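Position 1 is the first residue of the sequence, and the numbers go up from there. Given the structure is predicted, the values throughout are model-derived calculations rather than measurements.
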Amino acid sequence: IKAAKKWYDKQQSGLGNRLIANLELSLSDIKQNPFFGSIKYEEIRTVCCSKFPYAIHYSIDEIKGIVIVTSIFHLHRNPFWDSKEE
């Protein structure tokens, strides 16, 4: 997320902060209603950000009453690319 914020800020001043705000909004939606996201992989749910091409993958532990975010990634990038090469 830090690398993405930095990259967006290089594209346009303040754009990285807009990315962070949009991710926080999506996380807030999940917090308010954990069942909001659609199930994609077994127990993993997905919510897409509204303004940026990022998806938040998470699971729900109903016994403990917690949401576990497993990943946040760009929808058009290979998740196995090494971010150091950018």
Side-chain angles (χ1 to χ4, degrees):
I1 299 304
K2 287 180 184 180
K5 181 186 181 304
K6 185 177 179 180
W7 186 88
Y8 277 105
D9 279 335
K10 284 183 183 178
Q11 307 311 304
Q12 180 182 349
S13 179
L15 193 57
N17 289 334
R18 288 175 48 200
L19 166 68
I20 298 301
N22 196 237
L23 286 169
E24 287 175 347
L25 180 62
S26 295
L27 289 167
S28 178
D29 289 343
I30 294 167
K31 185 177 180 181
Q32 289 180 341
N33 181 5
F35 298 97
F36 169 70
S38 58
I39 296 175
K40 295 290 183 182
Y41 317 101
E42 297 179 18
E43 301 295 321
I44 302 296
R45 294 177 176 270
T46 302
V47 168
C48 292
C49 292
S50 60
K51 305 282 183 189
F52 291 86
Y54 283 83
I56 300 171
H57 286 206
Y58 66 97
S59 60
I60 302 167
D61 186 330
E62 291 187 69
I63 294 170
K64 293 181 180 178
I66 61 172
V67 170
I68 302 158
V69 175
T70 54
S71 67
I72 300 174
F73 63 89
H74 194 285
L75 293 170
H76 305 291
R77 301 268 330 241
N78 183 332
F80 300 107
W81 287 343
D82 184 357
S83 63
K84 294 177 187 174
E85 293 177 7
E86 297 179 17

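With sequence neighbours left out, the side chain to side chain donor-acceptor pair (under 3.5 Å) criterion links Lys6 to no other residue. For Tyr54, the ring-ring contact (aromatic ring centres under 6.0 Å, His included) test picks out His74, with sequence neighbours left out. Judged as a side chain to side chain donor-acceptor pair (under 3.5 Å), and not counting sequence neighbours, Asp61 has no contacts. Taking Asp29 as the reference, nothing meets the salt bridge (Lys or Arg N to Asp or Glu O under 4.0 Å) condition, with sequence neighbours excluded.
Connectivity analysis of hydrophobic side chains (ILVMFWY, heavy atoms under 4.5 Å, direct or indirect) links Ile68 to Ile66. Listed by chain and number, the hydrophobic cluster partners of Ile63 come to none, as no ILVMFWY side chain reaches under 4.5 Å of it.
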What side-chain donor-acceptor pairs closer than 3.5 Å can you find for residues 20-27, not counting sequence neighbours?
{"unit_1": "Asn22", "atom_1": "OD1", "unit_2": "Ser50", "atom_2": "N", "d": "3.4"}
{"unit_1": "Asn22", "atom_1": "OD1", "unit_2": "Lys51", "atom_2": "N", "d": "3.2"}
{"unit_1": "Asn22", "atom_1": "ND2", "unit_2": "Ser50", "atom_2": "OG", "d": "3.0"}
{"unit_1": "Ser26", "atom_1": "OG", "unit_2": "Asn22", "atom_2": "O", "d": "3.3"}

Which pairs would a plain distance check flag for residues 33-47, meaning a side-chain donor or acceptor within less than 3.5 Å of a matching protein atom at least two apart in sequence or in another chain?
{"unit_1": "Asn33", "atom_1": "OD1", "unit_2": "Phe35", "atom_2": "N", "d": "3.2"}
{"unit_1": "Arg45", "atom_1": "NH1", "unit_2": "Phe35", "atom_2": "O", "d": "3.3"}
{"unit_1": "Arg45", "atom_1": "NH1", "unit_2": "Gly37", "atom_2": "O", "d": "2.6"}
{"unit_1": "Thr46", "atom_1": "OG1", "unit_2": "His57", "atom_2": "NE2", "d": "3.3"}

Run the side-chain contact (heavy atoms from CB on, under 4.5 Å) test on Leu15 and Phe52 for me, step by step, so that the C-alpha distance in whole Å, both residues' side-chain angles and the decisive distance to 0.1 Å come before the verdict.
CA-CA 10 Å; Leu15 193 57; Phe52 291 86; 3.9 Å; yes
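A ring pair (Phe, Tyr, Trp, His ring centres under 6.0 Å) check over residues 10-33, counting only residues at least two apart or in different chains, returns nothing. Listed by first and then second residue, the side chain to side chain donor-acceptor pair (under 3.5 Å) pairs involving residues 12-21 are Lys5-Asn17 (not counting sequence neighbours).
In terms of heavy atoms, Gly14 sits closest to Asp9 at N-OD1, 3.5 Å.
Tyr58 contributes atom OH, which lies 12.0 Å from atom CD1 of Ile72 (distance to the nearest 0.5 angstrom).
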